[in-house]
Amino acid sequence: GTFALVLLGTEKASQIFDASEELAQRVTARFALRGARNDVPDDIDLFIDFLRTFRTEIEERSVIKSAKTLEAPETIGLLLDQVGGRLGTTQRIMKASLRVALEQGATTLLPKHFAEAIELGKLIFGFKENLFASYASSIAA
């Protein structure tokens with residue numbers, strides 16, 4: 001009978017299905033997974049809601065007193081660009097930033113905490129640049 005099956009992979013993995021005439025005829029939809037884009041309003045709204053939810057949970061659980069920077073337009077824009085809209089990476093950066101803030105005894109999550117967390121985790125996150133670095137230093141001056 002007919003059943004749904006979802007397989008995820010790179011273009012190289014897709015070649016396996018293209019090479020098989022039987023499998024190629026059965027594929028009904030192909031799509032590329034991507035993160036949120038800053039030029040798509042619905043994507044931005046989803047990203048903002050995600051950050052707002054994270055802020056609420058942080059503050060309600062008293063992880064840190066204030067995480068209001070997660071709703072600042074500058075933070076939202078920089079974070080969206082830094083992670084390419086990927087929510088999983090965003091969550092990992094927020095957790096790393098919280099850890100930096102807590103290790104420093106901060107009561108408020110700040111852009112400098114994001115800059116430091118990204119700098120420390122460039123290899124882990126796969127980033128070539130740290131978009132928060134210049135912003136954090138400009139507001140600290």
Side-chain angles (χ1 to χ4, degrees), residues 1-20 22-141:
T2 303
F3 64 93
L5 176 65
V6 177
L7 299 172
L8 303 175
T10 63
E11 288 180 22
K12 190 172 183 178
S14 180
Q15 293 171 1
I16 296 167
F17 297 94
D18 292 338
S20 169
E22 184 178 334
L23 289 175
Q25 292 173 4
R26 294 181 184 195
V27 173
T28 59
R30 291 179 187 216
F31 56 91
L33 295 174
R34 60 167 180 77
R37 290 180 21 197
N38 59 11
D39 60 341
V40 178
D42 286 346
D43 286 0
I44 296 170
D45 290 343
L46 174 68
F47 197 76
I48 290 169
D49 286 344
F50 177 76
L51 295 179
R52 186 176 297 124
T53 300
F54 212 93
R55 175 192 177 182
T56 301
E57 292 298 318
I58 289 168
E59 292 175 355
E60 284 181 1
R61 295 172 191 264
S62 299
V63 175
I64 199 164
K65 185 176 179 181
S66 174
K68 66 183 178 182
T69 191
L70 292 175
E71 292 190 38
E74 297 84 2
T75 302
I76 294 167
L78 286 171
L79 199 50
L80 183 64
D81 289 343
Q82 182 74 60
V83 303
R86 295 181 309 268
L87 297 182
T89 305
T90 302
Q91 185 173 358
R92 289 173 39 209
I93 288 176
M94 287 191 289
K95 287 178 180 178
S97 302
L98 275 171
R99 182 176 180 163
V100 168
L102 292 170
E103 287 175 349
Q104 294 177 3
T107 58
T108 302
L109 184 63
L110 300 171
K112 74 174 191 165
H113 299 130
F114 283 91
E116 291 174 35
I118 290 168
E119 198 59 41
L120 291 169
K122 267 187 175 178
L123 290 176
I124 294 169
F125 299 129
F127 297 143
K128 291 185 172 94
E129 61 182 319
N130 183 344
L131 301 179
F132 276 89
S134 61
Y135 174 64
S137 61
S138 74
I139 60 173

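Between Val63 and Leu102 the shortest side-chain heavy-atom distance falls below 4.5 Å. Under the 4.5 Å side-chain criterion, counting only non-hydrogen atoms from C-beta, Phe114 is in contact with Met94. Ser66 places a side-chain heavy atom less than 4.5 Å from the side chain of Glu59. Under the 4.5 Å side-chain criterion, counting only non-hydrogen atoms from C-beta, Gln104 is in contact with His113.
Applying the side-chain contact (heavy atoms from CB on, under 4.5 Å) criterion to Lys65, with sequence neighbours excluded, gives Thr107. Checked against side-chain contact (heavy atoms from CB on, under 4.5 Å), Ala133 has the following partners two or more places apart in sequence or in another chain: Asn130. Residues satisfying the side chain to side chain donor-acceptor pair (under 3.5 Å) test with Glu57, not counting sequence neighbours, are Arg61.
Remark: the backbone N or O of Leu51 is not paired with any side-chain donor or acceptor of Glu71 at under 3.5 angstrom. At least one donor-acceptor pair under 3.5 Å links the side chain of Thr75 to the backbone N or O of Thr69.
For Glu129 and Gln82, the side-chain atoms include no donor-acceptor pair closer than 3.5 Å.
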Practice task
Report the C-alpha distance between Thr89 and Phe127 in whole Å, list the side-chain angles of each, state the deciding distance to 0.1 Å, and finish with yes or no for side chain to side chain contact (heavy atoms under 4.5 Å, CB included).
Solution key: CA-CA 11 Å; Thr89 305; Phe127 297 143; 3.9 Å; yes
Exercise for the section: Give the intermediate values and the outcome of side chain to side chain contact (heavy atoms under 4.5 Å, CB included) for residues Phe50 and Gln91. Expected result: CA-CA 9 Å; Phe50 177 76; Gln91 185 173 358; 4.1 Å; yes
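Going from atom CZ of Phe54 over to atom CG of Leu109 covers 9.5 Å, rounded to the nearest 0.5 Å. In this structure, the separation between CD1 on Ile64 and CZ on Arg55 is 12.0 Å, given to the nearest 0.5 Å. Note that CG of Leu80 is 8.5 Å distant from CD1 of Ile48, once rounded to the nearest 0.5 Å. Rounded to the nearest 0.5 angstrom, Leu70 CG and Ile76 CD1 are separated by 8.5 Å. Glu103 CD to Glu116 CD: the interatomic distance, rounded to the nearest 0.5 Å, is 10.0 Å. Distance check, rounded to the nearest 0.5 Å: CZ of Phe125 to CZ of Arg86 gives 11.0 Å.
Screening Ile93, Leu131, Leu78 against Ile118 for a side-chain contact (heavy atoms from CB on, under 4.5 Å) leaves a single residue, Ile93.
By the 6.0 Å contact criterion, NZ on Lys122 is enclosed, its count of non-hydrogen atoms from other residues, nucleotides or ligands being greater than 12.
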